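Every value quoted in this text rests on a predicted model; they were computed, and no experiment measured them. When a ligand or atom number is given, it counts from 1 through the structure's own listing order.
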Amino acid sequence: MNIHAVLHEAQTALAGFLSSGEAKHEAQYLLQHILKVNRAWLISHENDALQPNIHAGFQALLKRRLKGEPIAYILGYREFYGLKLKVTPDTLIPRPDTETLVEAALAKIPHNSTSKILDLGTGTGAIALAIARHRPQVYVTATDASQAALNIAVENAQNLNITNINFFLSDWFSALEDEKFDVIVSNPPYIEQDDVHLQQGDLRFEPISALASGKDGLDAIRHIIKTAPRHLNPHGWLMLEHGYNQASEVRKLLTQHGFIAVSSVKDFGGNERVTQGCIV
Ligand code: GLN
């Protein structure tokens, strides 16, 4: 079989649960991964025959994808805010929605700032690394309660040669003692524990501790909002990602805990996705 035929067959199979555009791209990603080539090469070699061992390797990856395993875990990486990040089943897969949080944080941190930034529950390190890369003079502290996730985050920092960052094993603020920061960001778990989406798509394969947080999904957010004032310098900001329907509750919690200038920011899908407040 030639490359064109193999891709077409895979695309048809993947279209059983993906849109036709996604199916086409994912078939290409999987074959690029096996062949170690870029997309331009693949397209210009459509009529080449595929060696049997390469074809077999491709079929094995395709089979995993058809069983629902996330493409990011099969490929072993995901692009986030222009950074190529290693991902494994120990880490949440970074989402495009979370770029909203990075942009909101960068908007509060001037280019030459030497602020101290904290990212709680860093996972792959996505948010922390994006901020550290775009604001080279800030100092970022990133925590996670999972040593396995932290190992991936450290590896990502090394691969990207980002050095203005440090990683700590910590259950939210627990390992930080009295340390204070100028901006605290977090994409904590915020899905309701009984939400049916946890049983669907990529989420079935991701760490539940990075996704779900109690009955209304707000357990982690409540803890962070309650504890953050002790770890913020005067005029410091707390900025949280949350569910599409949680913005008003998060604004209320921030206001109750003394935050001012509380507001929410919409993601690219038009949902209020990030809520922020300032401590006096
Ligand atoms: N935004 C993710 C989702 O709904 C959830 C990630 C999280 O809980 N922080 O799939």
Verify same cluster id: Leu240, Ile131 (apolar side-chain graph, 4.5 Å): no
Could you list which atoms of ligand 1 come closer than 4.0 Å to a heavy atom of [X]?
| X | value |
| --- | --- |
| Pro189 | 8 (O) |
| Arg95 | 2 (C), 3 (C), 10 (O) |
| Ala210 | 7 (C), 8 (O), 9 (N) |

Check Leu203 against ligand 1 and report side chain, backbone, both or neither, counting heavy atoms closer than 4.0 Å. side chain
Answer side chain, backbone, both or neither: which part of Pro188 comes under 4.0 Å from ligand 1, heavy atoms only.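 The backbone, only.
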Name the orientation class of the two ring planes belonging to His231 and Phe173 (parallel below 30°, tilted from 30 to 60°, perpendicular beyond 60°).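 Rings of His231 and Phe173: parallel, under 30°.
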Atom 1 (N) of ligand 1: the protein heavy-atom neighbour that sits closest, reported with distance to 0.1 Å: Tyr190 OH, 2.7 Å
Give the residue, atom name and distance (to 0.1 Å) of the protein heavy atom nearest atom 4 (O) of ligand 1.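 Closest protein heavy atom to atom 4 (O) of ligand 1: Ile191 CD1, 3.9 Å.
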Is Leu211 close to ligand 1, meaning an N/O of one under 3.5 Å from an N/O of the other?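 Yes; at least one N/O pair falls below 3.5 Å.
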Please confirm whether Asn187 comes under 4.0 Å of ligand 1, counting heavy atoms of the residue only. yes
Just to check, does Ser213 reach to within less than 4.0 Å of ligand 1 when the distance is taken from its heavy atoms?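 Ser213 does not count as a contact of ligand 1 under the 4.0 Å cut-off.
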Are [X] and [Y] linked by a side-chain donor-acceptor pair shorter than 3.5 Å?
| X | Y | result |
| --- | --- | --- |
| His4 | Asn2 | no |
| Ser263 | Gln276 | yes |
| Thr122 | Asp119 | yes |
| Thr124 | Thr91 | no |
| Asn166 | Tyr139 | yes |

